[in-house]
Protein chains: 2
Amino acid sequence: MLVLITYDVNTETAAGRSRLRKVAKQCVNYGRRVQNSVFECILDNAQSVLLKSILTDIIDEEVDSLRFYYLGNNYKTKVEHIGVDRGVAVDQTLIL
Amino acid sequence: MLVLITYDVNTETAAGRSRLRKVAKQCVNYGRRVQNSVFECILDNAQSVLLKSILTDIIDEEVDSLRFYYLGNNYKTKVEHIGVDRGVAVDQTLIL
């Protein structure tokens, strides 16, 4: 299923900037960065639970937030993009 | 239906910062800011088309991007939030 992960990390402190880097690094392992703080990940249920747990451990819940949007398997008609594109579709084969 | 709007606006220039403010201002008219660059809007089809057109006119498609995620009417089980909350649910009545 497609899981959209968006995050707001408070980067006013060095600790916050470190959390931001850690969140992004974990998300990169699981999906595609489509915007600065938006990742699209193709995950099964177990992976989704695991990633949520990892990210929750990284953030400071008093000042940061994570949002997960579960778009299911038939997500292609549910997503629309306008403007500059950061990368390839999450399930698209990269020809190198 | 719930339409999730995420945006990346390049703020390296004054013009970019102006575009960012304009995009946010339009989105505020239609929904709730759940994260810095993430809005949740309850829109019908006509409103959705209109807002997309307004936002597309504001951004610079060479350097900015918009993404629209259509989560339908049964979206409550499809959204999960962890951490600090910026506001009330988009369809929640505000008691003042």
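To find a chain, count down the sequence lines: A is the first, B the second, and so on, and within it residues start at 1.
Of the atoms belonging to E62(A), it is backbone heavy atoms, and not side-chain ones, that fall under 4.5 Å from chain B. Contact of V38(B) with chain A is made through the side chain alone, with heavy-atom distances under 4.5 Å. Proximity to chain B is limited to the backbone of D64(A), based on heavy atoms less than 4.5 angstrom apart. For chain B, the nearby parts of L66(A) are the backbone and the side chain; heavy atoms of each come within less than 4.5 Å.
Put simply, the side chain of Y7(A) does not reach to within 4.5 Å of the side chain of L55(A), judged on heavy atoms.
One N or O on the side chain of Q47(B) and one on the backbone of D44(B) form a donor-acceptor pair closer than 3.5 Å.
Between chain B and the residues T56(A), N10(A), L4(A), the most heavy-atom pairs under 4.5 angstrom are made by L4(A). For the set H81(B), K78(B), K52(B), R67(B), the entry with the most heavy-atom pairs within less than 4.5 Å of chain A is R67(B).
Across all their heavy atoms, I5(B) and C27(B) have their closest contact at CG2-SG, 4.3 Å. Here the closest non-hydrogen pair linking F68(B) and I82(A) is CE1-CD1, 3.7 Å.
For the side chain to side chain contact (heavy atoms under 4.5 Å, CB included) test with R21(B), the passing option among K25(B), R17(B), R19(B) is R17(B); the others fail.
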